[in-house]
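Structure first, commentary second.
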Protein chains: 2
Amino acid sequence: MAGKRLTLADVARAAGVSKMTASRALRDAGDVSRESVEKVQRAAREIGYIGNPIAMSLSSQRTNLVGVVVPSASNIVFAEVLAGITEALSDSGFQPVIGVTDYDLDREAETIRSMLSWRPAGLIVTGLDQPEAARRLLEHAGLPVVQIMDTDGTPTDGCVGIAQTDAGAAMGRALLEQGRRRIGYIGCDLAGDTRATKRWLGFEAALAEAGVPLAGTLVADRSSSIAAGRQLTAEFLSQHTNIDCIYYSNDDIAVGGLFHCLHAGIPVPEEILLTGFNGLDLVEALPVPIATTITPRHEIGFKAAELILAAAERRSTRVDTRIELPTRIEMAAGFH
Amino acid sequence: MAGKRLTLADVARAAGVSKMTASRALRDAGDVSRESVEKVQRAAREIGYIGNPIAMSLSSQRTNLVGVVVPSASNIVFAEVLAGITEALSDSGFQPVIGVTDYDLDREAETIRSMLSWRPAGLIVTGLDQPEAARRLLEHAGLPVVQIMDTDGTPTDGCVGIAQTDAGAAMGRALLEQGRRRIGYIGCDLAGDTRATKRWLGFEAALAEAGVPLAGTLVADRSSSIAAGRQLTAEFLSQHTNIDCIYYSNDDIAVGGLFHCLHAGIPVPEEILLTGFNGLDLVEALPVPIATTITPRHEIGFKAAELILAAAERRSTRVDTRIELPTRIEMAAGFH
DNA sequence: CTTGGTATCGATACCGGTACCGATACCTTG
DNA sequence: CAAGGTATCGGTACCGGTATCGATACCAAG
């Protein structure tokens with residue numbers, strides 16, 4: 001097969017026009033006759049030309065990349081957000097480039113810097129509360145930035161997410177309405193996840209407002225997982241008595257809690273009502289109902305990518321849009 | 001702040017050397033005195049220079065990108081593979097670029113073509129059995145290609161994965177050893193997932209060898225999920241009697257099957273032994289034991305990326321390495 | 001016939017780096 | 001002292017596209 005890679009010059013030669021005309025024809029950028037366009041496109045197809053986005057980017061000082069910074073690649077929540085981004089970008093000619101921080105706040109600035117070096121058309125970053133260094137980078141990036149997941153605070157530019165504090169408060173009130181009074185809280189890795197912390201604070205405030213203090217709290221400095229939820233729940237229930245409800249920092253550890261209860265023979269939800277956050281598919285299929293707040297993960301990614309595309313379209317360096325998506329409380333999620 | 005972006009020329013001017021010397025100093029490419037290196041690096045740090053990988057790539061005809069093609073971004077298995085790739089690449093200066101096919105065989109060639117246009121240092125592609133068009137692209141890509149997940153077949157270049165057919169057969173024999181004889185099979189989306197099909201065939205062959213036919217089969221043309229597993233299991237058990245074991249195409253639908261059994265009051269594993277595939281964290285935390293084959297998802301990604309890095313290191317266009325990783329059967333996964 | 005407008009095209013100069021090679025200075029060796 | 005080697009540096013020509021502007025041809029209007 002072809003020794004060297006084909007360039008635009010090869011297409012131009014095959015079509016009998018100049019490089020410039022070929023370039024314009026392939027991008028249909030106007031200033032080319034209909035016949036020339038057809039000649040060039042046919043030639044490109046015949047010789048099997050594939051454009052070079054790198055040269056294109058360097059020359060036009062514009063890329064078709066969208067940088068995405070998430071704390072974890074294997075967390076299903078962010079995987080779903082990524083799927084939303086990918087879907088929104090799929091037919092636009094834009095490519096997502098992923099950076100992962102592993103919930104390490106120090107790596108955040110470094111990851112953002114590395115994304116920016118590609119001079120992407122826009123940046124999608126998780127969370128509103130970056131460390132100072134990262135925040136400065138975003139402010140001076142000179143390109144559209146969308147912060148996702150959270151709307152509690154002031155975004156650098158645009159944001160798409162949910163009102164985390166309100167979501168926690170709403171769940172607190174909903175549990176009180178169910179008549180629960182001995183309510184505990186179990187959370188994981190709150191240092192790296194400011195959104196979970198906001199929910200916790202909102203939740204606690206809502207209870208306090210009704211004169212109901214938290215019956216107990218267990219926060220572990222480890223990453224969320226079903227196994228962690230099991231262990232923490234066992235530990236928590238051995239330390240506190242008469243608990244009738246537990247609010248978890250997310251669905252994963254809530255499911256772990258449920259598994260502990262199933263194994264220990266504790267009736268759920270009659271004796272203890274378990275409460276997660278996100279409304280994962282896993283939760284919707286559980287054989288025993290638990291409560292959760294359903295969040296639009298996919299839609300958050302989709303809308304964030306749409307905002308970047310729109311800004312790129314109008315050659316703007318800002319998004320300047322704040323989208324707060326609704327959440328829905330489901331008191332008895334699961335199939336039953 | 002700075003109006004224009006800083007370039008290497010700015011660094012060179014600040015350090016009082018030529019562009020070339022600055023370039024060499026920042027890459028420590030030799031042919032520069034120690035003092036010059038220090039001068040340049042200090043200057044770069046002081047003015048806040050960020051390199052431009054696009055210009056670098058165009059000029060050197062070499063990128064620090066690794067293309068990754070997976071069928072799904074939100075499937076936890078591939079999310080874990082991606083995490084492995086990301087980890088292996090994290091300190092190498094290489095960046096993964098993700099392409100998603102959504103199990104659509106037609107989009108596979110298109111996705112690979114789009115990856116190739118970036119002229120990455122290497123490509124990691126899911127599966128050994130690409131459609132013809134995609135396979136041709138890989139063969140003539142002229143760069144290291146690692147096909148992952150599967151080792152049953154002939155890779156274009158390198159591969160890292162597990163022996164899928166053998167894995168199915170091994171589970172078949174293990175279930176027979178447990179004394180199970182009325183064994184069913186439930187699978188999802190086998191058209192898009194040739195690996196699951198291989199396991200099924202290996203499984204069935206192992207049973208046949210022992211003179212035990214499958215007691216029943218239910219294959220649905222829908223994507224795998226816990227909810228699908230629940231529904232399919234309910235349907236299957238209403239159609240077949242005396243089933244004492246079910247082999248599922250993966251853990252997700254096996255867990256769905258378990259949830260059905262828990263809800264229907266069927267004793268697991270005493271009456272029916274459920275069998276998944278992958279050994280997900282979810283399965284390890286289940287309150288009731290199910291069987292599964294534990295696969296090294298993270299390691300597959302990690303090793304695949306390592307192969308690409310090694311090939312890039314020695315400027316080779318091929319990997320030419322086949323890595324078959326071991327799997328382990330766990331007959332009673334779960335915490336109990 | 002001249003003038004001016006429109007449609008189409010190509011030459012040239014970049015974009016921001018690196019490869020390649022030649023130049024210089026200095027040292028070692030015979 | 002001449003010859004050759006080594007260490008260090010810079011000039012130049014690209015990499016493969018696009019932006020910009022000028023050139024040309026053709027047509028309608030005056």
Side-chain angles (χ1 to χ4, degrees), chain A residues 2-41 43-44 47-65 93 116-121 142 315, chain B residues 2-41 43-44 47-65 93 116-121 142 315:
Chain A
K4 252 182 65 68
R5 242 140 195 169
L6 294 166
T7 75
L8 192 61
D10 298 312
V11 178
R13 201 174 314 116
V17 298
S18 75
K19 244 176 67 174
M20 253 340 283
T21 301
S23 169
R24 283 192 278 247
L26 291 177
R27 293 177 289 149
D28 63 342
D31 269 16
V32 195
S33 68
R34 181 200 300 278
E35 306 114 70
S36 293
V37 170
E38 277 170 17
K39 255 192 322 191
V40 170
Q41 288 183 343
I47 68 177
Y49 170 72
I50 304 180
N52 184 336
I54 294 182
M56 197 258 230
S57 299
L58 181 63
S59 171
S60 64
Q61 298 289 78
R62 192 181 319 136
T63 66
N64 62 350
L65 298 174
L116 285 177
S117 75
W118 286 92
R119 281 141 234 229
R315 298 256 197 287
Chain B
K4 252 182 65 69
R5 241 139 196 171
L6 294 165
T7 76
L8 191 60
D10 299 313
V11 178
R13 200 173 314 117
V17 298
S18 74
K19 243 175 69 174
M20 261 330 291
T21 300
S23 168
R24 281 192 281 248
L26 291 178
R27 293 177 288 149
D28 63 342
D31 269 17
V32 195
S33 68
R34 181 200 300 278
E35 306 115 68
S36 294
V37 170
E38 278 170 16
K39 255 192 324 191
V40 170
Q41 288 183 342
I47 68 176
Y49 170 71
I50 302 180
N52 184 337
I54 295 183
M56 196 259 232
S57 298
L58 181 63
S59 171
S60 65
Q61 298 289 78
R62 192 181 320 135
T63 67
N64 62 350
L65 298 174
L116 286 177
S117 75
W118 286 93
R119 280 140 235 227
R315 299 257 197 288

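Numbers restart at 1 for each chain; the letters A, B, ... are given by sequence-line order, proteins then strands. Keep in mind the model is a prediction, meaning the values are calculated, not measured.
A residue-by-residue look at B/Leu58 and B/Val32 shows that B/Val32 has its nearest nucleotide of DNA chain D further toward the 5' end. Closest-nucleotide positions on DNA chain C for A/Lys39 and B/Ala55 were compared, and the one nearer the 5' end corresponds to A/Lys39.
Phosphate contact (OP1/OP2 of D/dC15, side-chain N/O of B/Ser60, threshold under 4.0 Å): absent. Between D/dC15 and B/Ser59, no contact under 4.0 Å exists linking OP1 or OP2 to a side-chain N or O. For A/Arg62, a side-chain nitrogen or oxygen approaches OP1 or OP2 of D/dA19 to under 4.0 Å. The phosphate of C/dG16 (OP1 or OP2) has no side-chain N or O of B/Tyr49 nearer than 4.0 angstrom. Applying the 4.0 Å criterion to OP1 and OP2 of D/dG16, one finds that B/Gln61 has a side-chain N or O inside that range. A/Arg27 has a side-chain polar atom (N or O) that falls below the 4.0 Å cut-off from OP1 or OP2 of D/dA19. Neither OP1 nor OP2 of D/dG17 sits under 4.0 Å from any side-chain N or O of A/Ser23.
In this structure, the separation between CZ on A/Arg5 and CG on A/Asp10 is 13.0 Å, given to the nearest 0.5 Å.
In this structure, the CD1 atom of B/Ile54 is 12 Å from the C1' atom of D/dG17, given to the nearest Å. Note: CH2 (A/Trp118) to P (C/dG17) measures 13 Å, nearest angstrom. Here the C1' atom of nucleotide C/dC9 and the CD atom of A/Glu38 are 17 Å apart, to the nearest Å. One can place CG of B/Asn52 at 18 Å from P of D/dC15, the figure rounded to the nearest angstrom. Atom CE in A/Met20 sits roughly 7 Å away from atom P in D/dA19 (whole-Å rounding). The CZ-P distance, from B/Arg119 to D/dG16, rounds to 8 Å in whole Å. Protein atom CG of A/Asn64 is 12 Å distant from nucleotide atom P of D/dT18, rounded to whole Å. In this structure, B/Leu8 places its CG atom 6 Å from P of C/dT18, rounding to the nearest Å.
For B/Thr21, the listed nucleotide lying nearest its side chain is D/dC9; candidates were D/dC9, C/dG17, D/dG17. The side chain of B/Ser33 sits closest to D/dC9 out of C/dC9, C/dT12, D/dC9. Of the candidate nucleotides D/dG10, D/dG16, D/dT8, D/dG16 has the atom lying nearest to any side-chain atom of A/Thr7.
Using a 4.0 Å heavy-atom criterion, one finds that B/Asp31 contacts the bases of the nucleic acid, with or without backbone contacts as well. Nucleic acid contact class of A/Met56 (heavy atoms, under 4.0 Å, all strands): sugar-phosphate only. Within the 4.0 angstrom heavy-atom criterion, only backbone atoms of the sugar-phosphate kind lie near B/Ser36; the bases stay farther away.
At a cut-off of 3.5 angstrom, the base of D/dG17 holds at least one donor-acceptor pair with the side chain of A/Lys19. Below the 3.5 angstrom threshold, one finds a donor paired with an acceptor across the side chain of A/Arg24 and the base of C/dG10.
With hydrogens and angles disregarded, a donor-acceptor distance shorter than 3.5 Å links the side chain of B/Thr63 to the backbone of B/Arg119.
Under the 4.5 Å side-chain criterion, counting only non-hydrogen atoms from C-beta, A/Val11 is not in contact with A/Leu6. Side-chain contact check for A/Val40 versus A/Val32: every heavy-atom pair is 4.5 Å or farther apart. Residues B/Lys39 and B/Glu35 have side chains not in contact (no heavy-atom distance under 4.5 Å, counting atoms from C-beta outward).
Of all the heavy atoms in B/Ala43 and B/Ala14, the pair that sits closest is CB-CB, 4.1 Å.
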